2 protein chains.
Amino acid sequence: MAQALPGIKEYLPHLAYDLVIFGFNGKQLKILLLEYQNTDYKALPGGFIRREEDLDAAVKRGLKERTGLDHIFLEQFYTFGSLKRSRPDIMKKIIEANGINISGNHWMLDRFMSIAYYALINFDEVNPQPDALSKSINWYNINDLPTLMMDHKEITIKALEVLKLNLDRKLIGMNLLPQKFTMKELQTVYEIILGEKLRRTTFQRKMLGKDILVRHEKLFTGGAHKAPYLYSFK
Amino acid sequence: MAQALPGIKEYLPHLAYDLVIFGFNGKQLKILLLEYQNTDYKALPGGFIRREEDLDAAVKRGLKERTGLDHIFLEQFYTFGSLKRSRPDIMKKIIEANGINISGNHWMLDRFMSIAYYALINFDEVNPQPDALSKSINWYNINDLPTLMMDHKEITIKALEVLKLNLDRKLIGMNLLPQKFTMKELQTVYEIILGEKLRRTTFQRKMLGKDILVRHEKLFTGGAHKAPYLYSFK
DNA sequence: TGTTATTGTCTCAATATGTTACAATAATAC
DNA sequence: GTATTATTGTAACATATTGAGACAATAACA
């Protein structure tokens with residue numbers, strides 16, 4: 001089961017990226033977390049940058065490896081560079097828990113800066129894949145996260161803050177919903193990201209007034225009530 | 001005149017920071033640019049990160065070296081990581097123009113990512129200092145910039161975009177104005193950053209309504225008209 | 001004392017948002 | 001069928017915010 005670690009000749013030292021991948025299941029906002037083999041550590045997906053590769057390309061590559069998806073909303077939001085964020089002791093445990101021997105001066109145990117990105121994906125389209133060191137990758141509710149490794153909690157909180165600030169400006173609902181959705185689903189996305197309840201009538205009027213939605217057929221769910229229209233973004 | 005280059009043992013390889021330092025002279029928004037010795041290159045101030053130094057600390061150190069100032073509004077806004085942004089040919093010219101020999105595989109000629117920050121300072125308080133490789137450092141009007149080295153124009157444009165987005169949220173006027181200022185000066189700061197004229201009466205009402213300003217004595221400038229009040233931030 | 005440019009504030013109009021109300025459904029129960 | 005229920009779409013009105021113009025109150029100077 002022993003495998004080769006990435007070589008220092010292939011990757012830039014001291015540099016990594018981390019991904020906060022948001023998904024929406026119709027009710028709740030979730031993120032993807034890796035669980036490392038034989039440890040309790042849960043972590044954001046991440047990776048290294050090849051020496052002859054654009055930063056953005058490296059992150060897109062990692063995102064595709066974890067989700068199988070291309071052409072996803074992806075945005076850099078912050079670079080974490082404090083000294084204390086690097087924890088060679090934890091990295092060593094994770095690698096050794098995979099049955100790999102690592103020398104004390106291996107480059108993966110050095111200090112790292114992490115350039116953090118967040119991605120927005122349609123929950124239903126993705127089949128997440130764990131990376132080489134982890135045993136599983138799973139969705140976790142943003143309001144009920146487990147303990148995260150190192151500074152990954154801080155990274156996640158910052159991602160959510162940026163998401164909130166960008167909510168209106170970047171039409172973020174578009175990327176978290178299926179192609180067609182109801183007004184209520186759109187409102188739920190907004191409510192979860194903003195962390196507050198919104199008024200139904202005001203929200204509807206505002207969204208319809210923006211001239212960004214197309215109305216389609218009604219959705220009959222079997223509920224004993226008026227059926228809502230489906231919408232898509234223009 | 002020959003001097004020693006920074007050693008690879010002291011600094012993290014492949015990593016630099018750049019600073020977009022904004023100042024306001026009462027009329028125009030300006031940034032600080034270095035001019036390298038014996039070249040036509042103009043560039044943003046920047047530097048490297050020590051191996052045992054927090055990223056933020058490195059940038060604060062650099063900001064203090066250039067401006068002499070501490071406790072300045074400073075914010076990270078983006079990390080530039082494309083392959084083509086690194087130009088070892090240009091770096092080599094700059095270093096050799098300082099009368100220093102540099103070998104072709106020196107670490108300063110490697111690929112670099114740059115973590116960009118912007119700072120807001122009070123124009124009148126600062127006495128800028130050039131760095132070891134440059135002959136001068138000067139203020140340039142943001143609307144009339146010279147040709148900048150490598151991707152520094154792109155970095156500057158992005159800084160201005162972020163400044164614009166953060167204008168209301170972070171009370172940016174506070175950092176660009178002297179302690180006491182007139183409503184007109186505050187409005188001018190807003191107008192330049194937003195790139196549009198604002199309505200005097202609406203602006204005044206909005207600012208006074210925010211409950212962030214303290215009104216002081218009037219300012220008599222000698223103009224043949226009513227004297228404006230001076231304000232400071234609470 | 002009149003002239004000029006600018007400032008502080010008021011008013012009214014135009015928009016935008018908060019709030020309530022209510023008719024129009026889809027399914028189900030009878 | 002007809003009544004019942006939950007939810008949706010939209011109208012209506014109230015309130016708040018912003019746009020636009022008007023105007024009196026200066027400072028300095030001729």
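Sequence lines set the chain letters: A, B, ... in the order given, protein chains first and strands last, and positions in each chain run from 1. Remember, predicted model here, so these are calculated numbers, not experimental data.
Between the NZ atom of A:Lys184 and the P atom of D:dG9 there is a distance of 11 Å, rounded to whole Å. For the pair A:Met183 CE and D:dT10 C1', the interatomic distance rounds to 12 Å; values are reported in whole Å. Across the protein-nucleic acid pair, B:Gln204 atom CD and C:dT9 atom P stand 7 Å apart, rounded to whole Å. If you take OH of B:Tyr229 and P of C:dT6, they are 19 Å apart, rounded to a whole angstrom. A:Lys197 places its NZ atom 16 Å from the P atom of C:dT19, with the value rounded to the nearest Å. Remark: P of C:dA5 and CG of B:Leu219 are 20 Å apart, rounded to the nearest angstrom. Remark: P of C:dT7 and CE of B:Met207 are 16 Å apart, rounded to the nearest angstrom. Rounded to whole Å, atom P of C:dT17 lies 13 Å from atom CG of A:Leu198.
Evaluation of the side chain to side chain contact (heavy atoms under 4.5 Å, CB included) rule for A:Ala58 yields A:Tyr17, A:Ile49, A:Glu53, A:Arg61 as partners, not counting sequence neighbours. Residues passing the side chain to side chain contact (heavy atoms under 4.5 Å, CB included) test with A:Lys234 are A:Asp211, A:Val214, sequence neighbours excluded.
The shortest distance between side-chain heavy atoms of B:Phe24 and B:Ile172 does not fall below 4.5 Å. Side-chain contact between A:Phe233 and A:Leu213 is present, with heavy atoms from C-beta onward closer than 4.5 Å.
Figure legend: cation-pi geometry between B:Lys30 and B:Tyr140 absent, as NZ or CZ is not positioned both under 6.0 Å from the six-membered ring centre and within 45° of its axis.
A:Glu75 has a carboxylate O that lies under 4.0 Å from a charged side-chain N of A:Lys170, or vice versa, which qualifies the two as a salt bridge.
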> Going 5' to 3' along nucleotides 20-30 of chain D, which nucleotides have protein heavy atoms under 4.0 Å from the base (write B), which only from the sugar-phosphate (write S), and which from neither (write -)?
Replying inline: BBB--BBBB--

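Residue-level contact check: A:Lys206 touches neither bases nor backbone, having no heavy atom under 4.0 Å from any strand.
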